[in-house]
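As structure tokens, the structure follows; a few thoughts come after it.
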Amino acid sequence: MKSENKPSVCVVGLGYIGLPTAAVIARAGCKVLGLDVSQRVVDTINRGEIHIEEVDLEGLVQGVVSRGLLSAAIEVAPADVFVIAVPTPFDKDHAPDISYVLAAGRTIAPVLKAGDVVILESTSPVGTTEQLRDMIAEMRPDLKVPGLVGETPDISIAYCPERVLPGRILEELTNNDRSIGGITPRCARKALAFYKRFVRGECVTTDARSAEMTKLVENAYRDVNIAFANELSIVSDRMGLDVWEVIRLANRHPRVNILSPGPGVGGHCIAVDPWFIVHGAPKETPLIRTARGVNDGKMHHVIAKAEALVEAHPDAKVACLGLAFKANIDDFRESPARFVTSRLARKFGRRIHVVEPYAAELPIEFTDTGAVQIDIDDALETCDILIVLVDHDVFRVVPLAERADKLVYDTRGIWPDQPRAVREEDARLKLVG
Ligand code: SAJ
């Protein structure tokens, strides 16, 4: 296809999803303008640099910026396709906050023209795409918007959630299947034609509300299943069983696939999105709500167990392994490992040694606690107790010989061969019962 046939694209929000999305669209040959409210972010990208960490992203951004395919700005400009990828947090009562989505709508509405396609990618409660549509209709009475007019609308509006895994974003952006929900089937077809330019996975069309719900369901599904594993780990503690052994054996059943327990669920998605469903149907969601409680409760269980362990060994030096919210990434947002470790640091001060190869320094809440950062080799040489909170590969590969004499509380099950694991000490620590 000749490049002049390619649509110009405006991506609103250049964060963990928006920036990789903008870069992948630009790589497909479309001219992309990325919008962000932060001048620092805009300047960084226009230099061909990035403000977030993601595998291979820097090289891609550098390439598309230098070829003139991607640029960033604060001010909107006309485009053929608008992709909104802004945050949708929740408030203290777990009510979803879609104000950034609506603000993005207000930003683009003045420059919309007939033929444009507007796509919302942000994780959103059911009905948000219609709210966005209503707002555009109100701001632009001159435009025929979909679903509100009988005749062919001037613009198309669709919802298409991302479903990429941090650390594999570029690969998954291209290869994962996508659900594309149109306000009308025509809207879905317009959005489909756009995604076909850069997505190799299958693109399935549906209506906007179903696509919104699908995104929430995917993460709630995972949360509920992790909660099952976390509940099993607490039950196993009480019964003096090794949960990892139980799960390994159960998963040999051809139709059983239990996920892994851990110190709780972190990140910005799985611990958040289930609340959007609960908020939309509070009476009908006891399971989803309880799963959230179980996963949050697991973190407090780990804190209590770790505190008892450290207290029971007053002369021991303690290493906490990992601060990230999951393995092999440098993302410390909403991380149970970080929360557990900072609680221990506040309580036990300089007895706590933090090992996090992905952090250049300790996060702010460790200031003045006395806790220090050391590397894994120092931890293995000098510490007596190891508390494993993240299953980074660099921890996983530590051979038994280097940790055999340590007392280990392994919340991720990375060292099944550990002879002195905390479960054997449970009774002595009075943790059972
Ligand atoms: N976790 C466990 N046990 C497990 C699996 C995960 O405790 O067996 C924990 C992790 O340690 C982490 C949290 O759950 O703290 C979430 O990690 P994750 O790798 O399951 O997911 P995220 O948050 O990195 O990304 C999820 C993905 N959703 C699903 O797998 C259904 C991703 O595809 C979504 O795009 C992303 O949320 C999102 O943006 O919504």
Side-chain angles (χ1 to χ4, degrees), residues 13 15-21 52-55 85-90 96 121-125 160-179 201 211-234 243-244 247-248 251 257-277 288 291-292 294-299 301-302 321-340 358 388-393 395-396 410-414:
Y16 275 83
I17 299 302
L19 179 56
T21 302
I52 54 173
E53 287 292 329
E54 180 57 36
V55 178
V86 294
T88 43
F90 58 39
E121 285 209 6
S122 311
T123 303
S124 299
C160 179
E162 53 74 26
R163 36 165 69 137
V164 294
L165 205 64
R168 291 167 48 93
I169 292 183
L170 291 182
E171 193 197 320
E172 293 208 357
L173 257 183
T174 321
N175 293 320
N176 286 1
D177 294 352
R178 305 284 298 231
S179 316
E212 288 164 342
M213 186 61 168
T214 303
K215 169 68 186 182
L216 305 179
V217 163
E218 289 165 3
N219 282 344
Y221 167 86
R222 199 148 166 90
D223 197 45
V224 168
N225 281 280
I226 297 170
F228 181 71
N230 278 333
E231 185 161 296
L232 284 187
S233 73
I234 294 173
V243 68
W244 307 100
I247 291 176
R248 245 190 316 275
N251 281 351
N257 185 16
I258 302 170
L259 294 179
S260 304
V265 170
H268 267 352
C269 312
I270 293 184
V272 175
D273 301 358
W275 287 116
F276 290 16
I277 305 181
I288 297 172
R292 275 286 67 244
V294 169
N295 284 334
D296 284 345
K298 181 64 194 290
M299 189 168 72
H301 174 87
V302 169
L321 306 193
L323 291 177
F325 88 82
K326 65 177 190 178
N328 306 324
I329 60 170
D330 67 346
D331 191 338
F332 308 109
R333 299 172 303 167
E334 312 298 327
S335 167
R338 173 176 171 179
F339 190 79
V340 170
Y358 290 89
V388 180
L389 296 164
V390 183
D391 43 345
H392 288 319
D393 287 345
F395 303 153
R396 211 179 265 283
D410 180 0
T411 70
R412 296 279 186 174
I414 61 170

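One-based numbering, in listed order, for ligands and for the atoms of each. Given the structure is predicted, the values throughout are model-derived calculations rather than measurements.
- When only non-hydrogen protein atoms are considered, atom 4 (C) of ligand 1 lies nearest to S260 O, 3.5 Å.
- Taking the charged nitrogens against the carboxylate oxygens, R178 and E121 do have a contact shorter than 4.0 Å, which makes a salt bridge.
- At least one heavy atom of I226 sits under 4.0 Å from some atom of ligand 1.
- By the criterion of a heavy-atom distance under 4.0 Å, the side chain of K215, and not its backbone, is placed next to ligand 1.
- Put simply, the side chain of D223 does not reach to within 4.5 Å of the side chain of I288, judged on heavy atoms.
- When side chains are defined from C-beta on, V390 does not count as touching L321, because their heavy atoms never get closer than 4.5 Å.
- Atom 21 (O) of ligand 1 has its closest protein heavy atom at I270 CD1, 3.4 Å.
- The aromatic rings of F90 and W275 lie perpendicular to each other, with more than 60° between the two planes, well past the 30° mark.
- For ligand 1, one of its N or O atoms has an N or O atom of F325 under 3.5 Å away.
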Listed pairs under 3.5 Å, donor-acceptor, residues 166-175 side chains, sequence neighbours left out:
unit_1: R168; atom_1: NE; unit_2: E172; atom_2: OE2; d: 3.0
unit_1: R168; atom_1: NH2; unit_2: E171; atom_2: OE2; d: 3.3
unit_1: E172; atom_1: OE1; unit_2: L165; atom_2: N; d: 3.1
unit_1: E172; atom_1: OE1; unit_2: N176; atom_2: ND2; d: 3.0
unit_1: T174; atom_1: OG1; unit_2: L170; atom_2: O; d: 2.9
unit_1: N175; atom_1: OD1; unit_2: R200; atom_2: NE; d: 3.3
unit_1: N175; atom_1: ND2; unit_2: E171; atom_2: O; d: 3.2

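- K298 places a side-chain N or O within donor-acceptor distance of the main-chain N or O of G262, the cut-off being under 3.5 Å.
- For atom 25 (O) of ligand 1, the closest non-hydrogen atom of the protein is L165 CD1, 3.6 Å.
- Counting heavy atoms under 4.0 Å from ligand 1, residue R412 touches it through the side chain alone.
- Remark: ligand 1 and T123 share no N or O pair separated by less than 3.5 Å (distance only, no angle test).
- For the pair E172 and ligand 1, the shortest N or O to N or O distance does not fall below 3.5 Å.
- Among D331, N219, L389, I329, the residue whose heavy atom lies nearest to atom 31 (C) of ligand 1 is N219.
- The protein non-hydrogen atom at the shortest distance from atom 33 (O) of ligand 1 is R163 O, 3.1 Å.
- Nearest non-hydrogen protein atom to atom 30 (O) of ligand 1 is R222 CD, 3.2 Å.
- Cation-pi geometry between R412 and F395 is not satisfied (NZ or CZ under 6.0 Å from the ring centre, within 45° of the ring normal).
- Here's the thing with V164: one of its N/O atoms is less than 3.5 angstrom from an N/O atom of ligand 1.
- Nearest protein heavy-atom neighbour of atom 17 (O) of ligand 1: K326 CD, 3.8 Å.
- Distances shorter than 4.0 angstrom occur between a heavy atom of C269 and an atom of ligand 1.
- Put simply, the side chain of D331 reaches to within 4.5 Å of the side chain of Y16, judged on heavy atoms.
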